[in-house]
Amino acid sequence: MGLPLVNQFLAQGYALVRILSALKIKPSTYYNWRHWQTSRQEKRRESLKPYILDVWKTFKFYGYRRIAAYSQQTDGPKVSEYMTLKLMRELGIKSRMQKRYRKPKTVVTVDQKPNLIRHLHDLSGVWQTDTTYIQLTNHRWR
């Protein structure tokens, strides 16, 4: 849209009606843009951003839930979890907490054979190998 362009043409001495008709802008659009003010909600959101950023810098491991709970417990502004989440996304900040690695568990459906070699003291008479696959007589691979 060419609304900032309108002010340039006005400074050059052109009539507003001609500028708006040449740029195909409705007069109501121009006046709404000219008299636009930020809403109360937007002002509050902008005032909360430095607070949330400050809490996050102090406690880098806090996520949006903990920051919201912290705001409820302190004398600072009260912020809901949802608002904290939205503002953290706008600020591009995240909790530095990482999920712990958990080793995946194996599920065994077949009874395991006992390890007969484990308790032998002399392994000189034992042959060991690594079997990658065995084709069974019913043409299935195991």
Side-chain angles (χ1 to χ4, degrees), residues 1-123 126-142:
M1 219 174 217
L3 294 177
L5 195 61
V6 173
N7 289 337
Q8 280 183 327
F9 287 127
L10 283 174
Q12 292 175 2
Y14 292 102
L16 180 63
V17 176
R18 288 191 171 238
I19 297 169
L20 294 178
S21 65
L23 295 175
K24 297 181 182 174
I25 298 173
K26 294 182 181 181
S28 62
T29 303
Y30 171 73
Y31 286 111
N32 286 340
W33 172 77
R34 188 170 168 199
H35 298 295
W36 180 83
Q37 294 179 355
T38 56
S39 64
R40 277 189 9 231
Q41 292 91 347
E42 188 60 32
K43 288 178 184 175
R44 183 170 190 278
R45 287 170 61 95
E46 291 302 318
S47 70
L48 289 174
K49 283 182 181 180
Y51 172 75
I52 289 176
L53 192 59
D54 185 43
V55 172
W56 180 78
K57 284 181 180 177
T58 307
F59 307 104
K60 296 239 185 215
F61 293 104
Y62 277 15
Y64 72 95
R65 288 187 179 109
R66 282 189 181 174
I67 291 177
Y70 181 81
S71 74
Q72 301 294 330
Q73 295 170 355
T74 59
D75 295 334
K78 309 298 182 215
V79 188
S80 69
E81 285 184 4
Y82 183 67
M83 179 63 76
T84 306
L85 175 65
K86 286 171 55 174
L87 293 177
M88 285 178 72
R89 284 182 180 164
E90 286 180 20
L91 291 168
I93 58 177
K94 293 181 182 180
S95 167
R96 290 202 178 164
M97 185 73 72
Q98 293 182 356
K99 290 186 178 181
R100 292 182 181 164
Y101 174 76
R102 292 190 178 162
K103 184 179 174 185
K105 296 179 181 177
T106 57
V107 178
V108 180
T109 58
V110 180
D111 291 337
Q112 298 294 308
K113 303 292 183 194
N115 188 350
L116 301 174
I117 301 174
R118 178 182 299 163
H119 302 296
L120 292 178
H121 297 291
D122 183 24
L123 296 176
V126 178
W127 284 15
Q128 292 181 348
T129 183
D130 178 24
T131 306
T132 308
Y133 61 87
I134 300 174
Q135 185 175 9
L136 301 176
T137 56
N138 61 359
H139 303 291
R140 288 181 37 203
W141 294 91
R142 195 69 131 155

| query | How far apart are the C-alpha atoms of Asp122 and Leu120, what are their side-chain angles, what is the distance that settles it, and do they pass the side-chain contact (heavy atoms from CB on, under 4.5 Å) test? | reply | CA-CA 6 Å; Asp122 183 24; Leu120 292 178; over 6 Å; no
| task | Please test Leu5 against Gln8 for side-chain contact (heavy atoms from CB on, under 4.5 Å), starting from the C-alpha separation and ending with a verdict. | result | CA-CA 5 Å; Leu5 195 61; Gln8 280 183 327; 3.0 Å; yes
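No side-chain donor-acceptor contact under 3.5 Å links Trp56 to the backbone of Tyr62. Of the possible polar contacts, one joining the Ser71 side chain to the Val79 backbone as a donor-acceptor pair under 3.5 Å is found. Formation of a donor-acceptor pair under 3.5 Å by the Asp54 side chain with backbone atoms of Pro50 is not found in this model.
From Arg66, atom CZ reaches atom OG1 of Thr84 across 14.0 Å, with rounding to the nearest 0.5 Å. Distance CG/Leu87 to CD1/Ile67: 10.0 Å, rounded to 0.5 Å. Atom CD1 of residue Ile19 and atom CG of residue Asn7 lie 8.5 Å apart, to the nearest 0.5 angstrom. Ile52 contributes atom CD1, which lies 9.5 Å from atom CZ of Arg45 (distance to the nearest 0.5 angstrom). Atoms OG1 and CG, on Thr58 and Leu53 in that order, are 9.5 Å from each other to the nearest 0.5 Å. Between the CZ atom in Arg40 and the OG1 atom in Thr38 there is a gap of 11.5 Å [rounded to 0.5 Å].
Within a 6.0 Å sphere centred on CD of Glu42, heavy atoms belonging to other residues, nucleotides or ligands number more than 12. Within 6.0 Å of atom CZ in Phe59, more than 12 heavy atoms from other residues, nucleotides or ligands are found, so the atom counts as buried in its surroundings. Within 6.0 Å of atom NZ in Lys94, 12 or fewer heavy atoms from other residues, nucleotides or ligands are found, so the atom counts as exposed in its surroundings.
Taking 4.5 Å as the limit, some side-chain heavy atom of Val6 sits within range of a side-chain heavy atom of Leu16. Thr74 places a side-chain heavy atom less than 4.5 Å from the side chain of Tyr51.
Taking the six-membered ring for Trp and thresholds of 30 and 60 degrees, Trp33 and Tyr30 have ring planes inclined between 30 and 60 degrees apart.
Ion pairing between Lys43 and Glu46 fails under the 4.0 Å rule for side-chain N and carboxylate O.
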